[in-house]
Amino acid sequence: MTTSASRATTRRILRQLRHDPRTVGLLLLVPVLLVVLLRYMFDSAAAFDRVAPALLGIFPFIVMFLVTSVTTLRERTSGTLERLMTMPLSKLDLLTGYACAFGLLAVVQALVVTGVSVQPLGLTVSGSMGLLLTVAVLDALLGTALGLFVSAFARTEFQAVQFMPAVVFPQLLLCGLFVPRAHMAQPLRWASDVLPLSYAVDALDRAAAGTTGTADLVRDLSVIAGSALAALALAAATLRRRTP
């Protein structure tokens, strides 16, 4: 449950983003452009239907990770975070406010990307659209939480971006998007089994195919949500008042 302090932080972040059209454009337009590019790159409805559901979660995950890590680091280096931490405000309240603000944007982003994929681009979804949107939003929230966590270890915005190859790219390569996880070498399969994006891709594929109410889908959703909460807790534990 959010507190008044975390709600105030959420409102402040949203006001700042309202005056930052470039960031809003990155959040909302870039995933849409990537999906459109993907559709006409394949030029095949069957291929698009096979790949697009997974990307509905991967694109928001990547974009939210990037925007959240850079924005949070900017607040730290500008001194805003230090001023906030002199107030009667717990670290968890502060990060919950950030997570809620970017979580609202994640919902909008998921709605826009999914809507464009289904309507103009013709993505066929056999399952529940509501479930597909839920998984996409959870993926975006996972990217938000991981972005909050890694921002504690960067000193500059460039360093925050450099965390993408370490945190995002291994998950992207091993999530089953390029090669089915069952066909990977055993060590790679073990690594894939501990990465949350693997479960996100599985959940999106099941949601799009209409495989609902199964133990596997519940497990996937639990892993995604649990990983996001764990990353948020680690971010609160590693939050420093000042960047060295």
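Quantities reported herein were computed from a predicted structural model and do not represent experimental measurements. All values below were derived from every heavy atom in this structure, side-chain atoms included, with hydrogens, water molecules and symmetry-related copies excluded.
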### Message
Using side-chain heavy atoms (C-beta onward) and a distance below 4.5 Å, is Arg39 in contact with Val36?
### Response
no
### Query
Measuring from Leu56:CG to Asp205:CG, what's the distance to the nearest 0.5 Å?
10.0 Å
### Task
Would you name the heavy atoms of Ala160 and Ala154 that are closest together and state the gap between them?
N-CB, 3.7 Å
### Summary
Shortest non-hydrogen pair, Pro196 vs Ile224, comes out as O-CG1, 4.4 Å
### Query
With a cut-off of 6.0 Å (strictly less than), are more than 12 heavy atoms of other residues, nucleotides or ligands near CD of Gln119?
no
#### Entry: Single-linkage hydrophobic cluster Ile58~Met41, side-chain heavy atoms < 4.5 angstrom
yes
### Query
For Pro31 and Gln109, which heavy atoms make the closest approach, and how far apart are they?
CG-NE2, 3.6 Å
### Task
Return the orientation label for the Phe153 and Phe149 ring planes: parallel under 30°, perpendicular over 60°, tilted otherwise.
perpendicular
### Message
To the nearest 0.5 Å, what is the distance between CG on Leu17 and OG1 on Thr23?
### Response
6.5 Å
### Query
Nearest 0.5 Å, what's the OG1-CG distance between Thr114 and Leu121?
11.5 Å
### Query
Hey, mind stepping through Phe61 and Val168 against side chain to side chain contact (heavy atoms under 4.5 Å, CB included) and telling me if it holds?
CA-CA 9 Å; Phe61 170 83; Val168 175; 4.1 Å; yes
#### Entry: Interatomic spacing from CG in Leu55 to CG in Asp139 - rounded to 0.5 Å
11.0 Å
### Message
For Ser126 versus Ala209, what's the shortest heavy-atom pair and its separation?
### Response
CB-O, 3.8 Å
### Query
Are Leu29 and Val108 connected, step by step, through hydrophobic side chains (Ile, Leu, Val, Met, Phe, Trp, Tyr) whose heavy atoms are closer than 4.5 Å?
no
### Task
For Ala54 and Leu177, work out which heavy atoms get closest and say how close.
CB-CD1, 4.0 Å
### Task
Could you check Cys100 against Leu104 for side chain to side chain contact (heavy atoms under 4.5 Å, CB included), going step by step and ending with a plain yes or no?
CA-CA 6 Å; Cys100 288; Leu104 290 173; 5.7 Å; no
#### Entry: Minimum side-chain heavy-atom gap Ser69-Leu73 below 4.5 Å
no
### Chi angles and distances behind the side chain to side chain contact (heavy atoms under 4.5 Å, CB included) call for Val35, Phe48
CA-CA 9 Å; Val35 170; Phe48 184 67; 4.0 Å; yes
### Task
Would you sort out whether Leu27 and Met64 count as a side chain to side chain contact (heavy atoms under 4.5 Å, CB included), showing the intermediate values?
CA-CA 7 Å; Leu27 285 168; Met64 294 306 296; 3.3 Å; yes
### Message
Please tell me whether Phe178 and Val51 are part of a single hydrophobic cluster in this structure, the criterion being side-chain heavy atoms less than 4.5 Å apart.
### Response
yes
### Task
Look up atom CG in Leu141 and atom CG in Leu146, then write down how far apart they are to the nearest 0.5 Å.
11.0 Å
### Message
Using 0.5 Å steps for rounding, measure from the CG atom of Leu133 to the CG atom of Leu204.
### Response
10.0 Å
### Message
Are Val118 and Leu37 linked, directly or through intermediate hydrophobic residues, by side-chain heavy-atom contacts shorter than 4.5 Å (ILVMFWY only)?
### Response
no
### Query
Is the cationic atom of Arg181 (NZ for Lys, CZ for Arg) positioned less than 6.0 Å from the six-membered ring centroid of Tyr199 and within 45 degrees of its normal?
yes
### Query
Are Leu111 and Val107 side-chain neighbours, meaning at least one heavy-atom pair lies under 4.5 Å?
yes
### Message
Membership question, hydrophobic clusters at under 4.5 Å side-chain separation (ILVMFWY): are Phe169 and Ile62 in the same one?
### Response
yes
### Query
Just by distance, do the side chain of Ser192 and the backbone of Leu174 share a donor-acceptor pair under 3.5 Å?
yes
## Note on the structure
Between Thr68 and Gly147, the two heavy atoms sitting closest are CG2-C, 4.2 Å
### Query
Does Leu138 reach the side chain of Leu221, with side-chain heavy atoms less than 4.5 Å apart?
yes
